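Below is one structure; the comments refer to it alone.
A quick note: this is a predicted structure, and the numbers were derived from the prediction, not measured.
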Amino acid sequence: GSSGEGIWIIKLKAGNYCSTYGERSCTDDEVLDMMEANDNHSEEHTVAELIEFCVSGRTGKSGTWTSKGVGKYLEGGKAAGGQLVDQRFCPRIVEGE
């Protein structure tokens, strides 16, 4: 299993989702509500700040992060295991269901 570091549950703060997949793309200035799975802490960042954090880690362009992680999820490319996965969030099934 994973310790949850670097696993983020992300939602558009404005909630303006498209009705059909691929109908629109987010702009760099859209705000994201984010929760990291390792400790359930929340952060708000723009799309541009998230991309900068994923590519380069903590920089002047990535904003201020409270995560214990350093970002740089794409560092070293595919050969080094750098990747992002976009998948639908599936909450845990309640015990006994």
Side-chain angles (χ1 to χ4, degrees):
S2 171
S3 67
E5 189 274 319
I7 298 173
W8 294 93
I9 299 165
I10 302 174
K11 298 177 181 179
L12 291 171
K13 183 173 183 176
N16 55 338
Y17 295 98
C18 52
S19 58
T20 306
Y21 181 78
E23 185 176 72
R24 75 174 194 92
S25 296
C26 291
T27 60
D28 285 347
D29 62 347
E30 287 189 73
V31 178
L32 306 171
D33 280 329
M34 305 172 56
M35 183 180 73
E36 193 169 17
N38 66 335
D39 61 5
N40 294 330
H41 84 279
S42 295
E43 303 198 27
E44 275 190 9
H45 293 283
T46 64
V47 171
E49 288 172 337
L50 172 62
I51 292 170
E52 177 69 11
F53 184 72
C54 291
V55 173
S56 302
R58 298 173 195 271
T59 71
K61 293 180 181 180
S62 69
T64 302
W65 290 75
T66 58
S67 173
K68 295 174 186 172
V70 297
K72 299 183 183 182
Y73 305 127
L74 302 173
E75 187 173 55
K78 184 178 178 181
Q83 64 179 323
L84 298 177
V85 176
D86 177 16
Q87 71 181 47
R88 184 178 298 261
F89 175 69
C90 297
R92 182 177 169 181
I93 297 174
V94 176
E95 300 292 335
E97 278 191 16

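- Looking at residues two or more places apart in sequence or on another chain, you find a side chain to side chain contact (heavy atoms under 4.5 Å, CB included) between Thr27 and Asp29, Glu30.
- Residues that satisfy the salt bridge (charged side-chain N to carboxylate O under 4.0 Å, His left out) test with Lys13, not counting sequence neighbours, are Glu44.
- Within the structure, every pair that satisfies the side chain to side chain donor-acceptor pair (under 3.5 Å) test and touches residues 70-82, not counting sequence neighbours, is listed here: Trp8-Tyr73.
- Hydrophobic clustering (side-chain heavy atoms under 4.5 Å, transitive across Ile, Leu, Val, Met, Phe, Trp, Tyr) keeps Met34 apart from Val31.
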Checklist entry - Step by step, would you call Leu84 with Leu74 a side chain to side chain contact (heavy atoms under 4.5 Å, CB included)? => result CA-CA 7 Å; Leu84 298 177; Leu74 302 173; 3.9 Å; yes

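- Listed by chain and number, the residues in a side chain to side chain contact (heavy atoms under 4.5 Å, CB included) with Tyr21 amount to none (sequence neighbours excluded).
- Thr66 is listed as a side-chain neighbour of His41, based on a closest heavy-atom distance under 4.5 Å.
- Contacts of Asn16 classified as side chain to side chain donor-acceptor pair (under 3.5 Å), with partners at least two apart in sequence or in another chain: Arg24.
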Give every donor-acceptor pair under 3.5 Å between a side-chain atom in residues 45-63 and any protein atom, sequence neighbours left out.
unit_1	atom_1	unit_2	atom_2	d
His45	ND1	Glu49	OE1	3.3
His45	NE2	Glu43	OE1	2.7
Thr46	OG1	Glu49	N	3.1
Glu49	OE1	Thr46	N	3.0
Glu52	OE2	Thr59	OG1	2.8
Arg58	NH1	Trp65	O	3.0
Arg58	NH2	Ser67	O	2.4
Arg58	NH2	Gly69	O	2.6
Thr59	OG1	Lys61	N	3.1
Thr59	OG1	Ser62	N	3.3
Ser62	OG	Gly57	O	3.3
Ser62	OG	Thr59	N	2.9
Ser62	OG	Thr59	O	3.0

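- Note that SG of Cys26 and CG of Leu12 are 4.5 Å apart. Values are rounded to the nearest 0.5 Å.
- For Ser19, the side chain to side chain donor-acceptor pair (under 3.5 Å) partners two or more places apart in sequence, or in a different chain, are Glu23.
- A search for side chain to side chain contact (heavy atoms under 4.5 Å, CB included) contacts involving Gln87 returns Val85, not counting sequence neighbours.
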